[in-house]
Amino acid sequence: MPVLPLRAPLSVARSGRGEPLVLLHGMGSSRRDFTAVVPELSERFDVLALDLPGCGESPHLEERPTVAAITDAVERTLDAEGVGRVHVLGNSLGARVALELARRGRARSVVAIAPSGLNVPPERVFQGTGMAVARVVMRTAAPLVEPLSRSRIGRSAMLAPLKAQPWSTSREEAIGAREGFSDARDYWRTLLHALLLDVPRGMDRIACPVTLVQGVADWISSGQTVRYLPLVPGSRFRPLVWAGHAPQSDRPRTVVRLVEETAGRAPADASAEEAPAVSAPRRPGTSSGTARRPSPR
């Protein structure tokens, strides 16, 4: 697949019906990381699962991949998909982008799982070193990912740093780790600008309901999630027992419930009520825009 600078919308898989809900994965993964929660979420929401720039089927950014630039790309994709303000579920870097969408007034509600951005310098050195090692190891082991993904033992070995219950993960999530670490385009610039140099600003302007979530067994982002509590007005914090940095498959039902509860606290979207009718709702599992079918790899 040719590596192209991003001006077109991001790759998105769209399913379900209802109010729009955007899923934003973390660095080192792809939208496959939400495999465990998409079916249930699609029963209530119009789910748009995105590959962030340079991951999965999305091309990389031409400009510096800062959080602001990544958020711009997400907004262009939402515009292309014909949706306005959205509910958002994000993890890690995706959670940081979710909060930036909220700061811009584009989010109706946010569930932010282990958002990046508020780690102190020693933690940033630790995180940067870990992400660099993961990139090198995964690129070296890339040919083994597909066969290892077929067994629980293989998936546990690959995903143990991210999950508290890696044996409960799916093949899709293992392939997503390869897409996020080994196959990702512009990995090093994204690591530098979107993670290591990012400093959140303007969080006090967030007006939508926000639930901050962190797995108790998350050793990657340690305690930085709670640091958002005094910065984001009215935000709530929910620790997840027996869950890691990316707990979508550790605690899928709990994650779905948190999304539903947080979305339920959002006021009605007047702009959506005034919008003209569009095409008929898609059946669950269908795709639109620049979506791709699941890879046979």
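Index from 1, following the sequence.
With hydrogens and angles disregarded, no donor-acceptor distance shorter than 3.5 Å links the side chain of Asp46 to the backbone of Gly18. Counting only distance, with no hydrogens or angles, the side chain of Ser92 and the backbone of Gly94 share no donor-acceptor pair below 3.5 Å. A donor-acceptor pair is defined here as one N or O able to donate and one able to accept, closer than 3.5 Å; such a pair exists between the side chain of Arg189 and the backbone of Glu63. Arg64 contributes no side-chain N or O that, together with a main-chain N or O of His193, makes up a donor-acceptor pair within less than 3.5 Å. With hydrogens and angles ignored, the 3.5 Å screen pairs no side-chain donor or acceptor of Arg205 with any backbone N or O of Arg103. Counting only distance, with no hydrogens or angles, the side chain of Ser58 and the backbone of Ser11 share a donor-acceptor pair below 3.5 Å. With hydrogens and angles ignored, the 3.5 Å screen pairs no side-chain donor or acceptor of Thr169 with any backbone N or O of Gln165. Checking side-chain atoms of Ser221 against main-chain N and O of Gln224 turns up no donor-acceptor pair under 3.5 Å. Remark: side-chain polar atoms of Arg17 are not paired, donor with acceptor, to backbone N or O of Val47 under 3.5 angstrom.
Rounding to the nearest 0.5 angstrom, the gap separating the CZ atom in Arg238 from the CZ atom in Arg251 is 6.5 Å. How far CD of Gln214 is from CZ of Phe237: 5.5 Å, rounded to the nearest 0.5 Å. Distance check, rounded to the nearest 0.5 Å: OG1 of Thr254 to CH2 of Trp242 gives 14.5 Å. Note that the OH atom of Tyr187 and the SG atom of Cys55 stand 9.5 Å from one another [nearest 0.5 Å]. The distance from atom CZ of Phe181 to atom CZ of Arg135, rounded to the nearest 0.5 Å, is 10.0 Å. Remark: Ser30 OG to Arg178 CZ distance equals 9.5 Å, nearest 0.5 Å.
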Please step through side-chain contact (heavy atoms from CB on, under 4.5 Å) for the pair Leu118 and Val199, ending with a clear verdict.
CA-CA 7 Å; Leu118 288 183; Val199 178; over 6 Å; no
Starting from the C-alpha separation in whole Å, work towards a yes-or-no answer on side-chain contact (heavy atoms from CB on, under 4.5 Å) for Leu148 and Arg155.
CA-CA 6 Å; Leu148 287 173; Arg155 295 194 296 272; over 6 Å; no
In sequence, state the C-alpha distance, the side-chain angles, and the governing distance for Val110 and Cys208, and then conclude on side-chain contact (heavy atoms from CB on, under 4.5 Å).
CA-CA 7 Å; Val110 169; Cys208 69; 4.3 Å; yes
Ile206 and Leu99: CA distance, side-chain angles, deciding distance, side-chain contact (heavy atoms from CB on, under 4.5 Å) verdict
CA-CA 8 Å; Ile206 294 176; Leu99 292 170; 4.2 Å; yes
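Residues Ile113 and Pro247 have side chains in contact (heavy-atom distance under 4.5 Å, counting atoms from C-beta outward). Residues Ile70 and Leu93 meet the side-chain proximity criterion, which asks for heavy atoms closer than 4.5 Å. In this structure the side chain of Leu195 never reaches within 4.5 angstrom of the side chain of Thr190, judged on heavy atoms. Ile175 has its side chain within reach of Val145: a pair of non-hydrogen atoms, C-beta onward, lies under 4.5 Å apart. Side chains of Met131 and Val133 form no contact here, defined as non-hydrogen atoms less than 4.5 Å apart. Looking at Pro59 and Arg185, their side chains never come closer than 4.5 Å, going by heavy atoms from C-beta outward. Using a 4.5 Å heavy-atom threshold, the side chains of Lys163 and Asp33 count as touching. Residues Val74 and Leu101 have side chains in contact (heavy-atom distance under 4.5 Å, counting atoms from C-beta outward).
Using a cutoff of 4.0 Å between basic side-chain nitrogens and carboxylate oxygens, Asp198 and Arg124 are not scored as salt-bridged. Salt bridge annotation for Arg104-Glu75: present, with a cationic side-chain nitrogen under 4.0 angstrom from a carboxylate oxygen. Ion pairing between Arg76 and Asp79 fails under the 4.0 Å rule for side-chain N and carboxylate O. Contact check on Arg31 versus Asp51 returns a salt bridge, with a Lys/Arg side-chain nitrogen under 4.0 Å from an Asp/Glu carboxylate oxygen. For the pair Arg227 and Glu123, the salt-bridge criterion is met [side-chain N within less than 4.0 Å of a carboxylate O]. Using a 4.0 Å cut-off between charged side-chain N and carboxylate O, Glu261 and Arg265 make no salt bridge. Between Arg257 and Glu260 there is no salt bridge, since none of the side-chain N atoms of the basic residue sits less than 4.0 Å from a carboxylate O of the acidic one. Ionic pairing of Arg150 and Glu146 is present here: one or more N-O contacts between side-chain nitrogen and carboxylate oxygen are shorter than 4.0 angstrom.
Taking both residues in full, the closest heavy atoms of Ser116 and Tyr228 are given as O-OH, 2.6 Å, listed atom of the first, atom of the second, then distance. The shortest non-hydrogen separation linking Ala194 to Pro65 is CB-O, 3.3 Å. Thr71 and Val67 get closest at one heavy-atom pair: OG1-O, 2.7 Å. Ala107 and Val88 get closest at one heavy-atom pair: CB-CG2, 4.0 Å. Scanning all heavy atoms of the two residues, the minimum distance from Asn119 to Gln127 falls at ND2-OE1, 2.9 Å. Between Val226 and Gly223 the shortest heavy-atom distance is CG2-O, 3.1 Å.
Between Thr35 and Glu172, the side chains place no donor N or O within less than 3.5 Å of an acceptor N or O (distance only, hydrogens not considered). Inspection of the His245 and Asp218 side chains reveals an N or O donor paired with an N or O acceptor under 3.5 Å. At a cut-off of 3.5 Å, with distance as the only test, a side-chain donor of Thr211 or Thr262 sits close to an acceptor on the other residue.
Note on Val232: it clusters hydrophobically with Leu229, by side-chain heavy-atom contacts below 4.5 Å among ILVMFWY residues. Placement of Ile220 and Val216 in two distinct hydrophobic clusters is found when ILVMFWY residues are connected by side-chain heavy-atom separations under 4.5 Å, directly or transitively. Met158 and Leu144 fall within the same hydrophobic cluster, where Ile, Leu, Val, Met, Phe, Trp and Tyr residues are linked whenever their side-chain heavy atoms come under 4.5 Å apart, directly or through other members. Linking ILVMFWY residues whenever their side-chain heavy atoms come closer than 4.5 Å, directly or via other members, leaves Leu159 and Ile153 in distinct clusters. Cluster membership check: Leu61 shares its hydrophobic cluster with Leu196, using side-chain heavy-atom separations under 4.5 Å among Ile, Leu, Val, Met, Phe, Trp and Tyr.
Between Phe126 and Trp219, the ring planes lie perpendicular to each other; the angle is over 60°, past the 30° to 60° tilted range.
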For residues 19-26, which side-chain N or O atoms pair as donor and acceptor with protein atoms under 3.5 Å away, sequence neighbours left out?
from, atom 1, to, atom 2, distance (Å)
Glu19, OE1, His87, NE2, 2.7
Glu19, OE1, Arg108, NH1, 3.4
Glu19, OE2, Arg108, NH1, 3.4
His25, ND1, Ser29, O, 3.4
His25, NE2, Leu52, N, 2.9

